[in-house]
Engineer: 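This is the structure I have questions about; it appears just below.
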Amino acid sequence: MREPFRYVTDKILEAILSGVQIEEPQHIKVEEPPKPELGDLAIPLFRLAKAKKVGLEDLYREFKPILESIEEVESVKLMGGYIDIWLRPSKLSRIVFESLRSSGEEYGIVKVMAPKRYVVEYVSANPVHPLHIGSGRNAALGKALESMLRLRGHIVESRFYINDLGRQVAIMVLGYRLLGGPQPPAGVKEDHWIGYIYAATNVIIEILKLKKEIEKSRGDPDRYRELVSRLDDLMSDAARLRERYPEYFDRLSSELSGIEDIESVISELMIGYEKKSNPETVELFRKAVDLCIEGFKKTLSQLEIEFDKWDYESEIAWSGDVEQILSMAMKSPYIVYKQGVPALSFSEILKSREVRERLKLPKTLEIPPLVLMRSDMTTLYTVRDIAYSIKKFREFNADYVINVIAAEQRLAQAQLRLALYMLGFRKEAENLIHYSYEMVNLPGIKMSGRRGRYVTLDEVLESAVERVRDIVRRRSPNEGVDEGVVRHIAVSAVKYALASIDPNKQLVFKLEEALDLERNSAPYLLYTYARANSLLEKAGPLPSLDEVDYSAADNHAKRRELLLMISKSPTVFSEAIDRLSPEDIASHILVLADLFNSWYQVDPVIREQDPGVKGFKQYLVYGVRSVIGNGLRALGIRPLSRI
RNA sequence: GGGCCCGUAGCCCAGCCAGGAAAGGGCACCGGCCUUCGGAGCCGGGGGUCCCGGGUUCAAAUCCCGGCGGGCCCGCCA
């Protein structure tokens, strides 16, 4: 029995449906009462009573004997239009413990009958600045999805898409070249260094551009004032950046001022790289980008995240796949011209309700045409993404591709699915899942990668580590601090804080709250897991199933509640995974942890004298440990047997 | 102008998709447990117009319509 709770509810449902004359089976359902006093299960009778035009009492009299004939049912009672059902703990516990015995450490996770092949693409941050807290949410969610699906038995490949084409990277590379391709100063992480070069170069370029515009706007006082105030803004960013590395900044500044037409230099760089026409440029781009990626990998390894594949966007462009997509698109009847460049128009296909449904698009959303190429013949991001999406499906023979991408890209992701569909990649279009999440903000900070204004994920993680280290020192001043454990707890706390909240909700990440190790946190769960583990070890080996006193929960509310919760876990997990909802797993194990903590304080396990009852308790603890452990694993967090 | 997401105690979050019983947790606050199977814990207490207004329903935090507030998107950016 892999899902004990579902087994029992199904059994009850079947008994009713075969025992009572019911026209519309959807009128009958088994639900969970809001409070333990109202039973373990409840069946609302209102709808059925209305449909059958009979009284609640009459219905109850009809249901009662059927329910009472089920061996797992202890008693039933009519209360306020509901049949409240109490399960027989001695029966339920046998089912649960048998399941625990046979699935062992894997209890809670039910493998799917037919595994699917999933590609999960996540993080994929632009290689021009360090990972920030938003990338952290992406990483935490992506890792959770990857882990969940793997546990459920699917075959999963994780990918990181390196967006190395495009203007931002070209600007960074320009700065990098002007500085002579410098290695990071001692003690500076690679991506932080690249982030600095990018921001400094960008800010200086913007200042130079703005100054020219200001010259031209002397005749227009309003515009002049506006531009000057924008310049002030930029100047303060520049001053802040200069402060960090004055020599580098000044050198960049003077070099850039000496370039007559910066735009054409940037564009030359972009073309040289994308078309692979200039070997030096190619080498330079790769050197700079890889430097940044090296930094990313260090942060990700802190987060205990590793990717199966790293894909360069440039490789997609070089492979010819993009050309192929373009030529397919050009033959499409939906080509329109927007200011001379070809674009794919969606207005026709969006008239189809069926297509909207298949591609999970809102009923009324209007989607602007997708421009296919720039007038200088270079390609655009979304078009390259069409080629990349196909590649992800093809290379892994994937059934589904999940893109973990910020909600602000919803429209672009919709365009992507539509374009795939229109070009004949219907299966791909329908099975491309945009797993979107909302912004993360830090209180009081306006972040901007372009201006070099950000708090890096590294800084957040480091503060977390320091904080945890302090707490551990304070709690156990006489013991040595296990640095590995401290790091793991700190990093898990951040991951949990970012993956345990509905991704559709904007999030203000407060360091103090995420690091509050008291409750609703990974540390609390890790601690509870370790404690359950320690209890199990001290209690001795798990007894065999016929040594257990199954009546031990008969008149014991806490044991009964815990048992019920454990019995539900596999079902909760399966549904959460199938719905791609890591937050449901997070809240389930949190409630279980609370329940477990309140139970074992008042109901000793090791000191229990009655061997049958002790065995019962050991199985409960074993169940708790398995469920919390697998819940954490599902979230991409490794449980620790000792803290 | 149009579209998408969010709006639940001082603060944070679950419940909403598949409508059901007096709306659940946590933080903070107040009071107890401080001879404990690892106190990162336990027990108790106060605190709510479920953003507002309509509608559907025996029943609405949940579904529908209309507002309000916050965020995001509508580029030859990515």
Side-chain angles (χ1 to χ4, degrees), chain A residues 26 29 31 33-35 37-38 42 44-47 49-50 79-82 84 124-126 128 163 165-169 313 338-343 361-368 371-382 384-385 405-412 414-415 436-439 441 468 471-472 475-476 489 497 500-508 510 512-513 516-521 523-528 530-531 533-539 579 581 583-584 586-588 590-591 594 597-608 617 621 642-643:
Chain A
Q26 64 270 29
K29 62 177 174 179
E31 52 186 52
K35 281 185 301 191
E37 303 92 88
L38 299 169
L45 295 177
F46 312 98
R47 295 179 71 178
K50 202 185 168 197
M79 282 218 295
Y82 293 85
D84 289 336
S124 301
N126 288 344
V128 292
N163 303 124
L165 297 181
R167 226 183 107 80
Q168 290 190 34
V169 177
E313 193 178 9
K338 251 179 109 181
Q339 285 140 37
V341 290
L361 301 170
K363 311 121 265 164
T364 59
L365 178 65
E366 278 178 50
I367 298 174
V371 173
L372 291 169
M373 61 176 96
R374 296 191 185 95
S375 42
D376 67 2
M377 305 296 280
T378 56
T379 58
L380 285 149
Y381 178 81
T382 308
R384 299 190 293 262
D385 212 8
I405 299 180
E408 60 189 7
Q409 306 233 27
R410 276 210 169 112
L411 196 64
Q415 283 183 322
S436 86
Y437 61 93
E438 285 288 343
M439 301 267 101
N441 292 301
V468 173
I471 290 168
V472 171
R475 300 238 156 126
S476 45
I489 292 173
S500 61
I501 290 173
D502 179 353
N504 282 324
K505 276 196 157 91
Q506 283 168 250
L507 189 117
V508 178
K510 293 182 185 128
E512 306 77 36
E513 282 181 18
D516 183 347
L517 312 183
E518 299 286 304
R519 290 178 141 244
N520 201 346
S521 67
Y524 173 71
L525 290 165
L526 286 168
Y527 185 84
T528 305
R531 183 137 193 206
N533 187 59
S534 144
L535 268 184
L536 275 181
E537 281 178 6
K538 288 180 183 152
R579 291 174 53 181
S581 301
E583 68 275 18
D584 292 352
S587 59
H588 181 75
L590 195 68
V591 173
D594 284 343
N597 280 322
S598 76
W599 165 66
Y600 79 74
Q601 302 263 339
V602 295
D603 196 17
V605 176
I606 297 168
R607 289 199 307 255
E608 174 61 55
K617 292 177 177 179
V621 180
R642 214 169 299 280
I643 285 183

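Chain A is the first sequence line, chain B the second, and so forth, proteins listed ahead of strands; every chain is numbered from 1. Every value quoted in this text rests on a predicted model; they were computed, and no experiment measured them. All values below come from the heavy atoms of this structure, side chains included, with hydrogens, waters and symmetry mates left out.
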Engineer: Both distances under 3.5 Å, Watson-Crick or G-U wobble: report the partner of B:G48, or none.
Structural biologist: none
Engineer: Write down the partner of B:G53 under the Watson-Crick or G-U wobble criteria, each distance required to be under 3.5 Å.
Structural biologist: B:C65
Engineer: Do nucleotides 7-15 of chain B as a string where each nucleotide becomes B, S or -: B if the base has a protein heavy atom under 4.0 Å, S if just the sugar-phosphate does, - if no protein is that close.
Structural biologist: S-----SSS
Engineer: Name the nucleic acid region contacted by A:G166, choosing base, sugar-phosphate or nothing; use a 4.0 angstrom heavy-atom cut-off, strictly under.
Structural biologist: sugar-phosphate
Engineer: Any base atoms under 4.0 Å from A:L165, or only sugar-phosphate, or nothing? Heavy atoms, all strands.
Structural biologist: sugar-phosphate
Engineer: Ignoring backbone atoms, establish whether A:R642 has a side-chain N or O less than 4.0 Å from OP1 or OP2 of B:G38.
Structural biologist: no
Engineer: Any strand is fair game: report the nucleotide pairing with B:A9 by Watson-Crick or G-U wobble, both distances under 3.5 Å, or none.
Structural biologist: none
Engineer: List the residues meeting side chain to side chain contact (heavy atoms under 4.5 Å, CB included) with A:I405, not counting sequence neighbours, and say none if there are none.
Structural biologist: A:N403, A:Q409, A:Q413, A:H434
Engineer: Does the structure show a Watson-Crick or G-U wobble partner for B:C16, both distances under 3.5 Å? Name it, or say none.
Structural biologist: none
Engineer: Under the criterion side-chain contact (heavy atoms from CB on, under 4.5 Å), I'd like the reasoning laid out for A:Q415 against A:I367: C-alpha separation, chi angles, the key distance, then a yes or no.
Structural biologist: CA-CA 7 Å; A:Q415 283 183 322; A:I367 298 174; 3.4 Å; yes
Engineer: Does any N or O donor sit under 3.5 Å from an N or O acceptor when you compare the side chain of A:S375 with the base of B:C76?
Structural biologist: yes
Engineer: Between A:R374 (side chain) and A:L380 (backbone), is there a donor-acceptor pair under 3.5 Å?
Structural biologist: no
Engineer: With a 4.0 Å cut-off on heavy atoms, is A:A42 in touch with a base, just the backbone sugar-phosphate, or nothing at all?
Structural biologist: base
Engineer: Under 3.5 Å, side chain of A:D376 to main-chain N/O of A:T378, donor-acceptor pair present?
Structural biologist: yes
Engineer: Between A:E583 and A:K505 (salt bridge meaning N to carboxylate O under 4.0 Å), is one present in this structure?
Structural biologist: no
Engineer: Counting neighbours of CD on A:E366 that are heavy atoms of other residues, nucleotides or ligands and sit closer than 6.0 Å, is the number greater than 12?
Structural biologist: no
Engineer: Between B:G25 and B:G45, how far is it from one P atom to the other, in whole Å?
Structural biologist: 11 Å
Engineer: Could you list the residues that satisfy side chain to side chain contact (heavy atoms under 4.5 Å, CB included) with A:F46, not counting sequence neighbours?
Structural biologist: A:P44, A:Y82
Engineer: Quick one: the side chain of A:K35 and the base of B:A22, do they pair up donor-acceptor inside 3.5 Å?
Structural biologist: yes
Engineer: Would you measure the distance from the C1' atom in B:G48 across to the matching atom in B:C4 and give it in whole Å?
Structural biologist: 29 Å
